[in-house]
Amino acid sequence: MLNLHLVEFVRSAVKTADFPNDNLPQIAFAGKSNVGKSSVLNCVLQRKNFARVGQKPGKTVHINYFRVDGKAHFVDLPGYGYAQVAESEKERWDKLMEAYFAEPEPIALGVMIVDARHAPTKLDCVMADLFRSTGRPFLVVANKLDKLKAREIEPNLACIRETLRLGEQTPLLPFSAEKGTGREALVRAIFKDCGLPFS
Ligand code: GDP
């Protein structure tokens, strides 16, 4: 069992030497700035502001590690795609992600968050390719579902699936961090890929 209520902040990493080497399975969360990555993490953990919501976009080129129940790490990868970011910060993002994905072994599951309202961006496609390159399972969360009209849901999901070239084995979960929609499906997927039973 993995008790999602037992969660502690471990550290912020800015380079390989900061990465934990305790071999715990990692659930890696990625998404463009402002997509609601912190909100999705808080929704899964049922916390209000554990991962900080509404941080100034583009100011967070570090990887935050949270240990859950001493058995797994939730890894909050730095957001991307914020237009106002300096070139040096983009380079820092590239280098840090390259370092993180150089060692895919601990990644039990990649969780990529996109905006349910929009077609994925070029950088979203880069991110999907990074997850694919690990050979590890990953899934895509289409967040902010509450902002869609019912008739927009299916075509938007089809567009996301096609743009990110998701294979049949890659789940696409409609989600609203605001309403809690899709939480159960995401939690089940996380437990499954950690090899831990659902509680
Ligand atoms: P991050 O930069 O990806 O970590 O995004 P945040 O979690 O800080 O969220 C960015 C903004 O989107 C905040 O104003 C959130 O309240 C809002 N937000 C996040 N998830 C949802 C959602 O599912 N629905 C709606 N309507 N707003 C959301």
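If you read the sequence from its start, that first residue is 1, and numbering goes on from there. Ligands are counted one by one from 1 in listed order, and the atoms in each one are counted from 1 as well.
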Handout entry: E8 CD: over 12 foreign heavy atoms closer than 6.0 Å
Key = yes

Handout entry: Residue N49 excluded, over 12 heavy atoms near CG under 6.0 Å
Key = yes

Practice task
Run the numbers for me: atoms of ligand 1, each under 4.0 Å from some heavy atom of D146, listed by number.
Solution key: 22 (C), 23 (O), 24 (N), 25 (C), 26 (N)

Exercise for the section: Go through the steps for F138 and L166 under the test side-chain contact (heavy atoms from CB on, under 4.5 Å), then give the verdict. Expected result: CA-CA 10 Å; F138 80 107; L166 303 182; 4.1 Å; yes

Completion exercise
Exactly one candidate in F9, Y65, F66, F29 meets ring-ring contact (aromatic ring centres under 6.0 Å, His included) with F74; the answer is F29

If we only count N/O pairs under 3.5 Å, is [X] in contact with ligand 1?
X	value
S33	no
A177	yes
V35	yes

Exercise for the section: Using heavy-atom distances, let me know which of K37, K144, K32 sits nearest atom 17 (C) of ligand 1. Expected result: K144

Completion exercise
Quick look: K179 vs ligand 1, heavy-atom contacts under 4.0 Å, and the answer is neither

Handout entry: Sidechain N-carboxylate O distance under 4.0 Å for D76, K37
Key = yes

